[in-house]
Participant: 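Sharing a structure with you now.
Here is how names work: the chains are called A, B, and so on, in the same order as the sequence lines, proteins then strands, and each is numbered from 1.
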Number of protein chains: 2
Amino acid sequence: MEETGESGPDAALPFDVFSKQCVSRGTLEHITGRWGGLTLGALYEGSLRFNALRRRVDGVSEKMLSQTLHALERDGLVHREAQPTNPPRVDYELTALGRQVAERLLGLIGLVESRMSEVLVARERYDRAHETH
Amino acid sequence: MEETGESGPDAALPFDVFSKQCVSRGTLEHITGRWGGLTLGALYEGSLRFNALRRRVDGVSEKMLSQTLHALERDGLVHREAQPTNPPRVDYELTALGRQVAERLLGLIGLVESRMSEVLVARERYDRAHETH
DNA sequence: CGGTATCCCGGCCGATACTG
DNA sequence: CAGTATCGGCCGGGATACCG
């Protein structure tokens, strides 16, 4: 996957995130945004109801969870299943595409978690090298 | 400056990003933040100088790129190589850890780009279903 | 339970100017 | 070239109240 793809100066790929006004960038930001990634990760374990999801994604407000879910549903990554019962019951689950995205995301999350000790060491080194002397 | 909170017998919480006060979350946000991901992706192709990087990551301001690079360097994902020449020359490159993170990130970016047509279709469906009628 | 509506503050981020 | 300093707008996002 080391393909550089630079086949010319004007080889502008249609969905290249690196270019400013590309649609991919918006979707990528929904996925990797503050709550998007954690929401997708939580749903990977199975479908969840609104408040269960809210409890799982620790720290998210109602507003932001709602907003995040709408964006992900609109992008076709999450499916919303509402049952017209009383009291209402709504389940959220990943679509096929959402599942694939979540897999990559969880791989990234797992990598970061497993290497946090290295990160912490790097931070100490950096801070020591940059403290006012 | 950075409180790790690792002291005390009850601070045994792992590096689980889903929990609110976890250090992993901060690093994950540096990586997946608006410019962090694109910066790591750009550097995966090879080391770049500041302004070349700025050109590659289309739309980033000097200030945000500088800030992003500092955060990534502090977390040990990017290495800054400064040569004391005149005019100055500074190269940024990924560390071993940064390279591993970037690989996962590029996998995710590639997936999103390759599936954007599906996302666009989903968006149309969603918008049609939610328009006021 | 599963949300929406509203208010409002902090800080993200862009623009500009300046430095070595 | 490679940044830092400063200002200011705007909007992300938390708190609260309310609705079906």
Participant: Please state whether the rings of A:F50 and A:Y92 are parallel, tilted or perpendicular, taking 30° and 60° as the class boundaries.
Facilitator: tilted

Participant: Angle between the two end axes of the helix from C:dC1-D:dG20 to C:dG20-D:dC1, five base pairs per end, rounded to 10 degrees?
Facilitator: 50°

Participant: Can you give me the first and the last nucleotide of DNA chain C (5' to 3') that has an atom within less than 4.0 angstrom of a non-hydrogen atom in chain A?
Facilitator: C:dC1 to C:dC7

Participant: Go nucleotide by nucleotide along DNA chain C from the 5' end; which of B:G59 and B:E62 gets its closest nucleotide reached first?
Facilitator: B:G59

Participant: Measure the distance from CZ on B:R25 to C1' on D:dG13 and round it to the nearest whole Å.
Facilitator: 13 Å

Participant: Write down the distance between CZ (B:F50) and C1' (D:dC1), rounded to a whole number of angstrom.
Facilitator: 10 Å

Participant: Measure from CG on B:L53 to C1' on D:dG3 and round the result to the nearest Å.
Facilitator: 13 Å

Participant: Under 4.0 Å between a side-chain N or O of B:Y92 and OP1 or OP2 of D:dC1?
Facilitator: no

Participant: Which parts of residues 68-84 of chain A get close to DNA chain D, meaning a heavy atom less than 4.0 angstrom away?
Facilitator: none

Participant: State whether A:R34 places a side-chain N or O below 4.0 Å from either non-bridging phosphate oxygen (OP1 or OP2) of D:dG12.
Facilitator: no

Participant: Rounded to the Å, how far apart are A:Q67 CD and D:dG13 C1'?
Facilitator: 8 Å

Participant: Please report, rounded to the nearest Å, how far the C1' atom of D:dA2 is from the CZ atom of B:R89.
Facilitator: 12 Å

Participant: Quick check: is A:L106 connected to A:L53 through a chain of hydrophobic side chains (ILVMFWY, heavy atoms under 4.5 Å apart)?
Facilitator: yes

